Amino acid sequence: MAKRTLPLLKHLLRSPSHAHSLTSTRSVTYMPRPGDGTPRAVTLIPGDGIGPLVTGAVEQVMEAMHAPVYFERYDVHGDMKSMPPEVMDSIRKNKVCLKGGLKTPVGGGVSSLNVQLRKELDLYASLVHCFNLKGLPTRHENVDIVVIRENTEGEYSGLEHEVVPGVVESLKVMTKFCSERIAKYAFEYAYLNNRKVVTAVHKANIMKLADGLFLESCREVASKYPGIKYNEIIVDNCCMQLVSKPEQFDVMVTPNLYGNLVANTAAGIAGGTGVMPGGNVGADHAVFEQGASAGNVGNEKILEQKKANPVALFLSSAMMLRHLQFPSFADRLETSVKRVIAEGKYMTKDLGGVSTTQEVTDAVIANLN
């Protein structure tokens with residue numbers, strides 16, 4: 001019997017397709033505890049503008065994959081004075097939230113719901129992953145930057161008041177505790193993800209006390225991770241270096257405001273805000289959304305034509321699935337999205353195509369394994 005099957009085996013090994021089927025085995029990514037596969041509840045905030053369109057696309061893909069998550073949907077809009085208590089209760093219970101963009105009114109004394117959410121849940125680390133996608137031409141190649149930004153203090157604290165008419169005082173608060181905490185998160189992320197360099201972004205040459213405290217904290221934490229190279233860069237030089245030679249950066253750790261600017265700049269370099277995933281995480285809760293905030297609610301024309309780009313939120317959802325310890329589902333979703341982009345047939349307007357949100361969603365579903 002063995003002699004008869006040997007030629008067949010040789011034939012299979014010579015055939016590329018059969019050889020692939022013989023050698024491609026599923027790798028063991030982690031050993032789940034009993035019950036880890038139980039479907040998880042996720043709070044869903046569709047948001048404003050294109051938010052309901054792209055979150056709806058995520059729901060379709062999750063259903064097509066039979067992903068072990070189900071959504072508790074809440075109607076929240078950026079012009080509300082505060083986040084409804086039932087929404088906060090849901091996020092505290094589920095510990096994970098997926099959200100579309102919430103429009104932040106400019107001026108007028110209405111505070112940002114995004115900032116409220118981060119402060120109330122102590123989502124101290126914002127992470128945006130900016131990287132080149134095959135099939136998406138950009139000016140720079142080999143871009144793979146993770147921007148980790150302190151999310152609860154600094155200029156985004158919202159601590160400002162009018163001293164007298166025509167004079168406004170805005171406070172930038174920096175603490176040792178929060179600076180150390182974000183530095184530890186950045187180095188831990190680098191260590192666990194096989195990243196080699198952490199760069200601290202600052203303006204300590206001018207803000208010697210505030211940004212000086214941030215740098216001091218980063219240096220102390222860096223000393224505990226000798227295997228990871230640490231360097232520092234002034235924020236204005238950082239912006240210049242980003243647009244001229246972005247491939248030099250690996251993990252960037254920043255205070256609040258600088259991180260917002262750096263993440264959006266890096267996203268624009270790597271392919272646009274429509275394809276960059278991100279999330280906000282704390283010790284107990286996580287909120288996943290489009291990584292770069294610029295244009296995250298779109299404009300009326302995109303909404304009317306239903307041509308919003310769902311890729312960023314697809315990739316953020318993959319980050320969410322990995323956070324929930326469903327890595328195989330995350331891999332399937334990421335692989336499918338990358339295939340669609342590489343093929344180049346179904347692209348929204350911001351990527352140079354003419355496809356609708358639904359056409360891109362259908363293509364992603366068709367490419368799921």
Side-chain angles (χ1 to χ4, degrees), residues 42-67 69-71 73-78 97-103 128-131 133-138 264 267-268 270-279 287-321 329-330 332-369:
V42 172
T43 305
L44 178 68
I45 300 174
D48 296 313
I50 64 168
L53 199 56
V54 292
T55 53
V58 170
E59 286 183 282
Q60 290 179 54
V61 171
M62 292 291 183
E63 192 176 332
M65 278 202 302
H66 303 291
V69 296
Y70 59 95
F71 294 104
R73 177 192 292 263
Y74 290 91
D75 198 24
V76 178
H77 299 286
C97 172
L98 180 71
K99 66 181 278 289
L102 287 172
K103 191 167 187 177
V128 181
H129 189 186
C130 304
F131 57 97
L133 281 158
K134 188 180 176 185
L136 194 60
T138 57
N264 280 277
T273 57
V275 292
M276 300 301 149
V287 175
F288 295 88
E289 57 189 331
Q290 182 173 315
S293 59
N296 67 350
V297 295
N299 58 44
E300 289 298 322
K301 194 173 181 183
I302 291 175
L303 193 55
E304 285 167 16
Q305 295 175 345
K306 297 192 184 323
K307 289 188 175 181
N309 191 346
V311 168
L313 207 61
F314 284 154
L315 295 174
S316 298
S317 301
M319 286 172 66
M320 179 187 78
L321 288 167
F329 288 92
R332 283 174 65 199
L333 179 50
E334 277 181 359
T335 302
S336 178
V337 170
K338 286 175 181 176
R339 277 182 188 150
V340 171
I341 297 290
E343 191 182 71
K345 190 177 175 185
Y346 296 101
M347 308 272 251
T348 48
K349 189 179 178 181
D350 58 315
L351 304 183
V354 293
S355 301
T356 63
T357 307
Q358 191 59 52
E359 285 168 346
V360 175
T361 305
D362 291 342
V364 169
I365 290 170
N367 275 279
L368 289 169
N369 276 336

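Here the structure is a predicted model, which means the values were calculated and not measured. The figures that follow rest on heavy atoms only: side chains count, while hydrogens, waters and symmetry mates do not.
Taking all atoms of both residues into account, the shortest heavy-atom contact from Leu333 to Phe314 is CD2-O, 3.4 Å. Here the shortest heavy-atom pairing between Gln290 and Ala312 reads CG-CB, 3.6 Å. Nearest heavy atom pair, residue Ala318 against residue Ala330, reads O-CB, 3.3 Å. Shortest non-hydrogen contact noted between Ala267 and Met276 is CB-CG, 3.6 Å. Between Val128 and Gly291, the closest heavy-atom pair is CG2-O, 3.2 Å. What you find for Ala64 and Ile365 is that their closest heavy atoms are CB-CG2, 3.7 Å.
Annotation: the span from Thr356 atom OG1 to Gln305 atom CD amounts to 10.5 Å, rounded to 0.5 Å. Atom CD1 of Ile45 and atom CD of Glu289 lie 9.5 Å apart (nearest 0.5 Å). Taken to the nearest 0.5 Å, the CG atom of Leu303 stands 13.5 Å off from the NZ atom of Lys301. One finds the CG atom of Leu315 at 7.5 Å from the NZ atom of Lys338 (value rounded to the nearest 0.5 Å). Within the model, atoms OH of Tyr346 and CD1 of Ile341 stand 13.5 Å from one another, a figure rounded to the nearest 0.5 Å. For the atom pair CG (Asn367) and CZ (Arg332), the distance works out to 12.0 Å, reported to the nearest 0.5 Å.
Open room surrounds CD on Glu63; 12 or fewer heavy atoms of other groups in view lie less than 6.0 Å from it. Few gaps surround CZ on Phe329; more than 12 heavy atoms of other groups in view lie less than 6.0 Å from it.
Ser316 places no side-chain N or O within 3.5 Å of a backbone atom of Pro277 that could act as its donor or acceptor partner.
Between Val364 and Gln60, the closest side-chain pair of non-hydrogen atoms is not below 4.5 Å. Leu321 places a side-chain heavy atom less than 4.5 Å from the side chain of Met62.
Pro310 pairs in a side-chain contact (heavy atoms from CB on, under 4.5 Å) with only one of the listed residues (Val58, Leu53, Val360), which is Val360. With Asn309 as the partner, the side-chain contact (heavy atoms from CB on, under 4.5 Å) test is satisfied by one option alone out of Ile302, Thr357, Val54, Thr348: Thr348.
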